[in-house]
Amino acid sequence: MMACMSRVWQRGCVFAARLQRQDYASRLAGVSLRYYSTKTAPHIPGMEYQDAVCTLNTLQTNASALEQVRRERSNPQLQLQAMKGFLERSGLTVDELDHLNIIHVTGTKGKGSTCAFTEQILRSYGFRTGFYSSPHLVQVRERIRINGQPIGKELFTKYFWQVYGRLDETKDAHGGTMPAYFRFLTILAFHVFLQEKVDLAVIEVGIGGAYDCTNIIRRPWVCGISSLGIDHTQILGDTIEKIAWQKGGIFKPGVPAFTVKQPEDAMAVLKDRAKEIKCPLWVCPSMEDYQADCGPLRLGLAGQHQHSNASLALQLSHTWLQRRCLPGKTFSFTPHENTAGLQATAFKPSPIMVKGLADTEWPGRNQTLKHGAVTYFLDGAHTMRSMLACVQWFREIAAQHERNASGPVARVLLFNATGERDSAAMLKLLVPCHFDFAVFCPNITEAIASCNADQQNFNVSVENMLTRCLDNEHSWRLHNSMQDKAGSQLLIEGTLPLVPEKKTDTLVFPCILSALQWITQGRDSVLADPAKTVLPVKASIMAKAAPLCDAAEIHVLITGSLHLVGGALKHLDPASSK
């Protein structure tokens, strides 16, 4: 049996015996883990895809790579120079990317949804589409899509080894360097789209824009900027103006660009960037301004905030179609002093566009799954603005479901947040949703090791993840005016002291599966699958689940992290792992 990288983190069931608030960090450091080699996994029949993902995971940022990133941040231009070098080592050139007829999209929130709408519209016209996005939810190949579908395992594996092999062969001549995880996947996506001869490629920016590795693109057909807000401040800056400057870095001379209505300060920066780069910039109209024969446009993605994303997608797809179908016509895209920030025209969408908007699917964003008595509301909101939108969506849709319920409904929050994000502030926004339980867990799919390398993250330790969960629980208690009690628990049998008898509505579990199994109390047949390991939970904790057992239905909001949502979907939608 090969030592697959997906078993790098053996999630033992034995965690710290006591997790008192004053010293839980040091006690969590005692979590028992087993580490395996990060060498390229050997080829074993039937495991080639996992081998590729295991090898891909070795490119995740480690200590030495982090130091390289810090050096490059002091001179951001080095990032694009390095990306060009890796691209050429893989056998591609920047010139070849010009043939992909690219739509390039950035933003703080909504850029993925905008890309999904755009791709669906153009695919509905019969074009062969490529779509590169991040992060993935369940499997890494979701990031690279052909005609809306993640590329197959065989295709991913074939192209992965082609690109990895070329980079590996040339690394000795370049100081042993290999591209980091996201850089590699970006190169792989370009390679796949060129090899598969797509008619166009919708490319979602990773972080920022100006120095994001996708910005090696020189001649996109059209660019888009979705709603801007504060996120990734350590990389992009701590003000909306600094962030807008970074996002505007995807503008190209003479290439039409569109943005949604932005905060005044952000819009001023985008206009200045557009003038500086000589890029014609247009502001999208509201959805109500589009007049279709069918009446108000229906969107396949839920939530009021999707309206601006859909308007941006209509402008991007319309502009791309104009260039494709009427080559040589310049329209009104010749840049001049007054084209920065003009209002775009609300045209009449074609029936194909109308259908494309209605047919769009984008898992993990305002997604509802009903499994019998349990309904899951999944949204990967992870910024303040996106969490506000999530709360608005959840309160509306949960109320609709509760009106149709056959009896009392129990509301449960399953939450985690990662990185530098202010999870306490996001949790405060969730308080008015009136949850019966707030459950916290790290982005670990299950505590028992499995051979699924797609969802492994080596950039943060298990100890840090668990500590963050306990901090989140503490924040929730403070927001709810609860006295924070010593003895916060990771709820696994045989390792913890008795929980105080006083009722609490907060619980911390060591993995996503154990959290979901406790929340659903055997009422979701998908989670009750005998193939899924059920971790033993103390009787005193099981007793606290009485309200869940007595309720006619259980409504679960899963939010705070796309990685959390992806880990949940792995269990709730088994087909997503095949």
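These numbers come from a predicted model, not from an experiment. Each residue takes its place number in the sequence, starting with 1.
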Side chain proximity check, [X] to [Y], heavy atoms < 4.5 angstrom:
{"X": "Val283", "Y": "Met267", "answer": "yes"}
{"X": "Ser423", "Y": "Asp471", "answer": "no"}
{"X": "Ile444", "Y": "Met465", "answer": "yes"}
{"X": "Asn416", "Y": "Phe440", "answer": "no"}
{"X": "Phe193", "Y": "Leu200", "answer": "no"}
{"X": "Asp265", "Y": "Thr239", "answer": "no"}
{"X": "Thr375", "Y": "Glu402", "answer": "no"}
{"X": "Phe127", "Y": "Arg324", "answer": "yes"}

Does [X] reach the main-chain N or O of [Y] with its side chain, forming a donor-acceptor pair under 3.5 Å?
{"X": "Gln246", "Y": "Lys242", "value": "no"}
{"X": "Lys109", "Y": "Gly107", "value": "no"}
{"X": "Arg273", "Y": "Lys271", "value": "no"}
{"X": "His479", "Y": "Ala424", "value": "yes"}
{"X": "Lys370", "Y": "Gly372", "value": "yes"}
{"X": "Asp289", "Y": "Ala346", "value": "no"}
{"X": "Ser317", "Y": "Leu314", "value": "yes"}
{"X": "Lys570", "Y": "Val138", "value": "no"}
{"X": "Thr108", "Y": "Leu228", "value": "no"}
{"X": "His571", "Y": "Thr445", "value": "yes"}

Nearest heavy-atom pair of [X] and [Y]: which atoms, and what distance?
{"X": "Trp245", "Y": "Val269", "result": "N-CG1, 3.5 Å"}
{"X": "Cys441", "Y": "Leu564", "result": "SG-CD1, 3.9 Å"}
{"X": "Thr114", "Y": "Ser226", "result": "OG1-CB, 4.1 Å"}
{"X": "Val391", "Y": "Leu429", "result": "CG2-O, 3.6 Å"}
{"X": "Gln343", "Y": "Pro285", "result": "NE2-CA, 3.3 Å"}
{"X": "Ser514", "Y": "Cys511", "result": "OG-O, 3.0 Å"}

Flag for [Y]-[X]: side-chain donor and acceptor within less than 3.5 Å:
{"X": "Ser350", "Y": "Tyr125", "answer": "yes"}
{"X": "Asn366", "Y": "His305", "answer": "yes"}
{"X": "Thr383", "Y": "Arg421", "answer": "no"}
{"X": "Gln262", "Y": "Thr259", "answer": "yes"}
{"X": "Thr506", "Y": "Arg477", "answer": "yes"}
{"X": "Arg141", "Y": "Gln139", "answer": "yes"}
{"X": "Thr214", "Y": "His104", "answer": "yes"}
{"X": "Lys428", "Y": "Asn480", "answer": "no"}
{"X": "Ser475", "Y": "Asn472", "answer": "no"}
{"X": "Gln400", "Y": "Arg403", "answer": "no"}
{"X": "Ser561", "Y": "Asn443", "answer": "yes"}
{"X": "Tyr132", "Y": "Thr186", "answer": "yes"}

Report the C-alpha separation of Met387 and Leu430 in whole Å, then their side-chain angles, then the decisive distance to 0.1 Å, and conclude whether the side-chain contact (heavy atoms from CB on, under 4.5 Å) test is met. CA-CA 8 Å; Met387 189 59 72; Leu430 288 159; 4.0 Å; yes
Should the pair Glu196-Arg128 be classified as a salt bridge under the 4.0 Å nitrogen-to-oxygen rule?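 Counted as a salt bridge, because a side-chain N and a carboxylate O are separated by less than 4.0 Å.
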Answer yes or no: is there an ion pair linking Asp505 with Lys544, defined by an N-O contact shorter than 4.0 Å?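 Looking at Asp505 and Lys544, the cut-off is not met.
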Would you call the rings of [X] and [Y] parallel, tilted or perpendicular if under 30° counts as parallel and over 60° as perpendicular?
{"X": "Phe377", "Y": "His555", "value": "perpendicular"}
{"X": "Tyr376", "Y": "His371", "value": "perpendicular"}
{"X": "Phe509", "Y": "Trp518", "value": "tilted"}

Output the distance between atom [atom1] ([X]) and atom [atom2] ([Y]), rounded to the nearest 0.5 Å.
{"X": "Asp359", "Y": "Leu357", "atom1": "CG", "atom2": "CG", "answer": "9.0 Å"}
{"X": "Leu513", "Y": "Glu446", "atom1": "CG", "atom2": "CD", "answer": "6.0 Å"}
{"X": "Ile121", "Y": "Arg123", "atom1": "CD1", "atom2": "CZ", "answer": "11.0 Å"}
{"X": "Leu312", "Y": "Cys115", "atom1": "CG", "atom2": "SG", "answer": "8.5 Å"}
{"X": "Leu569", "Y": "Glu142", "atom1": "CG", "atom2": "CD", "answer": "8.5 Å"}
{"X": "Leu122", "Y": "Met353", "atom1": "CG", "atom2": "CE", "answer": "7.5 Å"}

Centroid separation Phe394 to Phe435 less than 6.0 Å: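 When the ring centroids of Phe394 and Phe435 are compared, they turn out to be within the sub-6.0 Å range.
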Suppose we call two aromatic rings close when their centres sit under 6.0 Å apart. Are Phe258 and Trp320 close by that rule?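 No, they do not, as the ring centres are separated by 6.0 Å or more.
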Go through the steps for Cys390 and Leu557 under the test side-chain contact (heavy atoms from CB on, under 4.5 Å), then give the verdict. CA-CA 10 Å; Cys390 172; Leu557 173 62; 4.1 Å; yes
Quick one: do Cys433 and Leu413 satisfy side-chain contact (heavy atoms from CB on, under 4.5 Å)? Show the steps, please. CA-CA 9 Å; Cys433 293; Leu413 170 67; over 6 Å; no
Trace of the side-chain contact (heavy atoms from CB on, under 4.5 Å) decision for Ile217 with Ile203: CA-CA 10 Å; Ile217 298 164; Ile203 305 294; 4.1 Å; yes
Taking atom [atom1] of [X] as the centre, does the number of heavy atoms from other residues, nucleotides or ligands within less than 6.0 Å exceed 12?
{"X": "Lys153", "atom1": "NZ", "result": "yes"}
{"X": "Glu264", "atom1": "CD", "result": "no"}
{"X": "Lys261", "atom1": "NZ", "result": "no"}

Under the salt bridge (Lys or Arg N to Asp or Glu O under 4.0 Å) rule, what do Glu119 and Arg145 come out as? Steps first, then yes or no, please. CA-CA 10 Å; Glu119 185 276 334; Arg145 296 171 180 256; over 6 Å; no
In this structure, which one of Leu572, Leu516, Val556, Val526 forms a side chain to side chain contact (heavy atoms under 4.5 Å, CB included) with Val374?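 Filter result, single survivor: Val556.
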